[in-house]
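See below for the structure under consideration.
We count ligands from 1, going down the list as the structure has it; atoms in each ligand are counted the same way. In what follows, every heavy atom counts, from backbone to side chain, and hydrogens, waters and symmetry copies are set aside.
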Amino acid sequence: MPTETVYGLAGLALNEDALARIFAAKDRPTFDPLIVHVARPEGWLSGERFDWLAFLAESKLVDVARLDSRAKERVQALTSLWPGPLTLVLPKQSAVPDLATSGLPTVAIRAPRHPVAQSLLRAVDQPLAAPSANRFGRISPTSAADVRAELGDRIELILDGGSCEIGLESTVVQVAENGDVTLLRPGAVDRDTIERLIGAAVVMPTERTSSESQQAQPSPGLLASHYAPVKPLFLLPAPAANLSQDQFAAVRKLLGNHSGVGVLLYSGEPTTAWTKLTPLVTDAPRMSLIVRSLSSLGDANEAARNLFRKLRELDAHPAVQIILAEPPPDEIGLGHAIADRLRRASGGNSGS
Ligand code: TXA
Ligand code: MG
């Protein structure tokens, strides 16, 4: 199923067999819970205000009684962004199978704004669990062709809704029973927007959890290594123009004997890579650079949209042995989400 963020592998959220098939197709460990997708019922398509919280209670998804008044207010404020790229983690009702939530007392819910996702949800008239349609730990798909490459031999149907408008997975935010709001995964809805809506500071999770652990994670989306290419990826410690001689020397060491280097620039035309990385390629006559740029003008929306596709291209390129990625110039707005995904793709490998 296409969504505005990434493609999802959809199954009936309240049906255990469907959920089990999602985990099997993805090779996903059952400690990683799914996101449940919903749409406003027909008849609510126009501008009228919709009471999402009442709808989630009636749909047997959210246990609203466990939310105090401050929590309810904040959920109401945050659902003003629905449909859109925001997932809310809320207390669950018992009708939601443990398999969907990995036994957690909470359930993650999102109302996608992609018209095909909405049509599908209205057609089945039930919530759909949908993790990103990639094999576990791999790069999320942003086109139907990506889904085919990831899962083509394991699923029966792909709804082609074109390439994803945002290209990064949704922002995941937990609203606790007492109203505390935690940002579990950065995305297109940024921290400032959330804080403005709730009129308070959000809590940032402090610790990254280890993928070694088999227990349900506070948010498995926080696994340090996730969204990773198959080939080793190193994240440059700063945009290429700001790298010191020492930093270049450290990166050069990291490259070892590899001569086919994939370079993922954040900005600039691909041809600028040789100039940007001069200290790296000087005295390395055998080194070849295979370059992609996320956005020639450094536009964050364009960079986000291109990130996973260009990572996939470098990962699949036969001449590329190792990938160097340039971070965005700052971690404001989408820059935060892009830097987050690059760090995870690097599995903690940094050229610093
Ligand atoms: O944009 C998206 O969110 C896409 C599209 C398809 O909607 N879906 C997606 O799903 O990215 P997935 O399964 O790849 O990521 C879901 C994230 C996981 O990191 C999961 O741990 C977190 O949401 N999550 C789900 N339920 C949770 C819960 N009860 N508590 C904390 N985190 C939860
Ligand atoms: Mg995923």
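Partners of E165 by side chain to side chain donor-acceptor pair (under 3.5 Å), not counting sequence neighbours, listed by chain and number: R113. With sequence neighbours left out, the ring-ring contact (aromatic ring centres under 6.0 Å, His included) criterion links F248 to no other residue.
For a threshold of 3.5 Å applied to N or O pairs, the pair formed by T3 and ligand 1 contains no separation below that value. Any N or O atom pair closer than 3.5 Å counts here, and K26 shares no such pair with ligand 1. For ligand 1, the polar-atom distance check finds an N/O of T106 within less than 3.5 Å of one of the ligand's N/O atoms. Any N or O atom pair closer than 3.5 Å counts here, and T101 shares no such pair with ligand 1. Distances between N or O atoms of R110 and those of ligand 1 include at least one value under 3.5 Å. Of the polar atoms of Y7, none of the N or O atoms is found under 3.5 Å from an N or O of ligand 1, judged by distance alone.
Residue contact check for ligand 1: K92 places no non-hydrogen atom closer than 4.0 Å to it. In this structure, R185 is part of the shell of residues with a heavy atom less than 4.0 angstrom from ligand 1.
Residue nearest to atom 33 (C) of ligand 1, selected from A188, P33, A111, S170: P33 (by heavy-atom distance).
No salt bridge links D299 with R305; every basic N to acidic carboxylate O contact stays at or beyond 4.0 Å.
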